[in-house]
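Letters A, B, ... are given to chains in the order of the sequence lines, protein chains preceding strands, and every chain is numbered from 1.
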Amino acid sequence: MNPRFRDGAKAGFAAFLPLSVGLVPWALVTGVALRSAGLSMLEAMGMNVIVFAGVAQIGTLPLIVSGAPLWLIGLTALALNLRFVIFSAAIARGFEDMPLRRRLLAGYLLIDGVFAVCTDRMLREPDRHFRFGYYIAPAAWGWVLWQGFVFLGVVGADVLPRDWSLEFMATIALMVILVSLVRQRPMLVAALVGGLASVGLRDMPLQLGVIVAIVLGIGAGFVAHHRFGGSGETD
Amino acid sequence: MMDGAWIWLAFALVSLATHGPRGSFIVLGHRARLPEALREALRYAPAAALAAIVMPNVLVSGGAVSPFNPKVAAAVVVVGVALRSKNPWLPFLLGMGVLLLLRKGLGL
């Protein structure tokens, strides 16, 4: 093993380890939610490996379970994942001198926590072995932790009683993320408009109301940004 | 509900919609910047999408808007706790606690 890779791996792992604990409740809840929604164990873990994105998984789950049209499921997942385009653009320069195989792996493993921890050093460190180690060690650790605790949640959901309203844990998980997002006023406006529009438009055919509500929310956030400026704190 | 092949197709689609955005710039190695207006609009998509999924789940009960159902009380507790505490377990414990208390304890 390249010693610079090893140094990078150690440093990256140490930086992400404390933050990675936050993945544990998420993963457990995701596992319970997937199983409580009616997926088989194979389907739940299969989705978890090929999608590997808690928000997109829990967010599309109600649509998948209710048999919504595929295009609606795809568009909703895309809306939930658009932040990754920005993350990807922000960190991309750190991978420019790496082979395609590594860049594909890096893209698959890009999660919020690893992005937050690794980006700064990825862009400053000249040695590409160090850079790859610094990224891939915490990213792989995040993957293992996520898969392991989702599996525990999937298995645990079978043991837990059926009438405990456990499916609501998925809604709680989404609300917690939402709270962390809406600390700026335009974000809050986007969420309020998107949410209320979705309630108001819930009877539209093909569940089109969800997409229309998301578009209205994005538009409202955009307008609010130009009204109040981007930095208006809500608290 | 759904049959086997359809559900895997749905997973594949969600996977594409996840790994496309994640890999986009990393895999293409672009230095290109997104247009400013587009970048700005993209920032609001997750909040709008999450709220569009969450709010009907909380506010609608049996097809009608009901602002006083147990899920609303649980949601208020979750938001309050999430705003005040960094503990990742508390929103789940207290939110589920309130929901179960109202539903099973009081039979609402």
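- Here Phe52(A) is the residue among Phe115(A), Phe87(A), Phe52(A) with the most heavy-atom pairs under 4.5 Å with chain B.
- The two residues Ala10(B) and Leu70(A) come nearest to each other via the heavy atoms CA-CD2, 3.7 Å.
- For the options Ala74(B), Gly20(B), Gly63(B), Gly95(B), heavy-atom pairs under 4.5 Å to chain A are most numerous at Gly63(B).
- Only the backbone of Ala12(B) comes within contact range of chain A, judged by heavy atoms closer than 4.5 Å.
- Note on Gly219(A), Ser88(A), Ser198(A): by heavy-atom pairs under 4.5 Å with chain B, the leading option is Ser88(A).
- Looking only at heavy-atom pairs under 4.5 Å with chain B, the residue among Ile172(A), Val199(A), Leu181(A) that has the most is Ile172(A).
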(message) Applying side-chain contact (heavy atoms from CB on, under 4.5 Å) to Ile64(A) and Trp6(B), what does each step give before you reach the verdict?
(response) CA-CA 9 Å; Ile64(A) 293 175; Trp6(B) 184 85; 4.2 Å; yes
(message) Run the side-chain contact (heavy atoms from CB on, under 4.5 Å) test on Phe11(B) and Glu43(A) for me, step by step, so that the C-alpha distance in whole Å, both residues' side-chain angles and the decisive distance to 0.1 Å come before the verdict.
(response) CA-CA 9 Å; Phe11(B) 293 167; Glu43(A) 286 165 348; 4.1 Å; yes
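- The residue among Ala213(A), Ala220(A), Ala79(A) with the most heavy atom pairs within less than 4.5 Å of chain B is Ala79(A).
- Interface remark: Leu59(B) contributes side-chain atoms only to the contact with chain A (heavy atom separation under 4.5 Å).
- If you measure heavy-atom distances from Val55(A) to chain B, the contacts under 4.5 Å come from the side chain alone.
- The choice from Gly221(A), Gly94(A), Ala197(A) that makes the most heavy-atom pairs within less than 4.5 Å of chain B is Gly221(A).
- For Leu174(A), the parts lying near chain B are the backbone and the side chain together; criterion is any non-hydrogen pair under 4.5 Å.
- Closest non-hydrogen pair, Val14(B) versus Ala77(A), comes out as CG1-CB, 3.9 Å.
- The CD atom of Glu96(A) sits 12.0 Å away from atom CZ of Phe25(B), with the distance rounded to the nearest 0.5 Å.
- Shown here for Ile214(A) and Ala45(B), the closest heavy-atom pair between the two residues is CG2-O, 4.5 Å.
- Residues Leu100(B) and Phe168(A) fail the side-chain proximity criterion, which asks for heavy atoms closer than 4.5 Å.
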(message) Run Leu192(A) and Met55(B) through side-chain contact (heavy atoms from CB on, under 4.5 Å) and show every step you take.
(response) CA-CA 9 Å; Leu192(A) 283 176; Met55(B) 277 208 206; 4.0 Å; yes
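- Of the atoms belonging to Leu75(A), not a single heavy atom falls under 4.5 Å from chain B.
- One distance of note links CG of Leu78(A) with CG of Leu16(B); it measures 10.0 Å at 0.5 Å rounding.
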(request) Please test Val78(B) against Val179(A) for side-chain contact (heavy atoms from CB on, under 4.5 Å), starting from the C-alpha separation and ending with a verdict. (result) CA-CA 9 Å; Val78(B) 168; Val179(A) 167; over 6 Å; no
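- Met169(A) has its side chain out of reach of Leu99(B): every pair of non-hydrogen atoms, C-beta onward, lies at least 4.5 Å apart.
- Within the 4.5 angstrom heavy-atom criterion, atoms from both the backbone and the side chain of Val79(B) approach chain A.
- Both the backbone and the side chain of Val65(B) come within contact range of chain A, each with at least one heavy atom under 4.5 Å from a heavy atom of that chain.
- At a 4.5 Å heavy-atom cutoff, Val215(A) makes no contact with chain B through either its backbone or its side chain.
- Of the possible polar contacts, none joining the His19(B) side chain to the Leu109(A) backbone as a donor-acceptor pair under 3.5 Å is found.
- Without hydrogens or angle criteria, Arg22(B) side chain to Leu110(A) main chain gives a donor-acceptor distance under 3.5 Å.
- Side chain of Asn57(B) to main chain of Thr171(A): no donor-acceptor pair is present (N/O by atom type, distance under 3.5 Å, no hydrogens or angles).
- Of all non-hydrogen atoms in Ala82(B) and Arg183(A), the two that sit nearest each other are O-NH2, 3.9 Å.
- Both the backbone and the side chain of Leu42(A) come within less than 4.5 Å of a heavy atom of chain B.
- We find the OH-CD1 distance between Tyr108(A) and Ile26(B) to be 14.0 Å, quoted to the nearest 0.5 Å.
- Two residues are said to be in side-chain contact when any heavy atoms from C-beta on lie closer than 4.5 Å; Ser165(A) and Arg103(B) meet this criterion.
- Side-chain atoms of Trp8(B) and Met47(A), non-hydrogen and from C-beta on, never get closer than 4.5 Å to each other.
- Put simply, of Ala173(A), Ala106(A), Gly217(A), the one with the most heavy-atom pairs under 4.5 Å next to chain B is Ala173(A).
- Ranked by heavy-atom pairs shorter than 4.5 Å toward chain A, the options Thr18(B), Val58(B), Leu13(B) are led by Thr18(B).
- Contacts between Thr60(A) and chain B at a heavy-atom distance below 4.5 Å involve the side chain alone, from C-beta outward.
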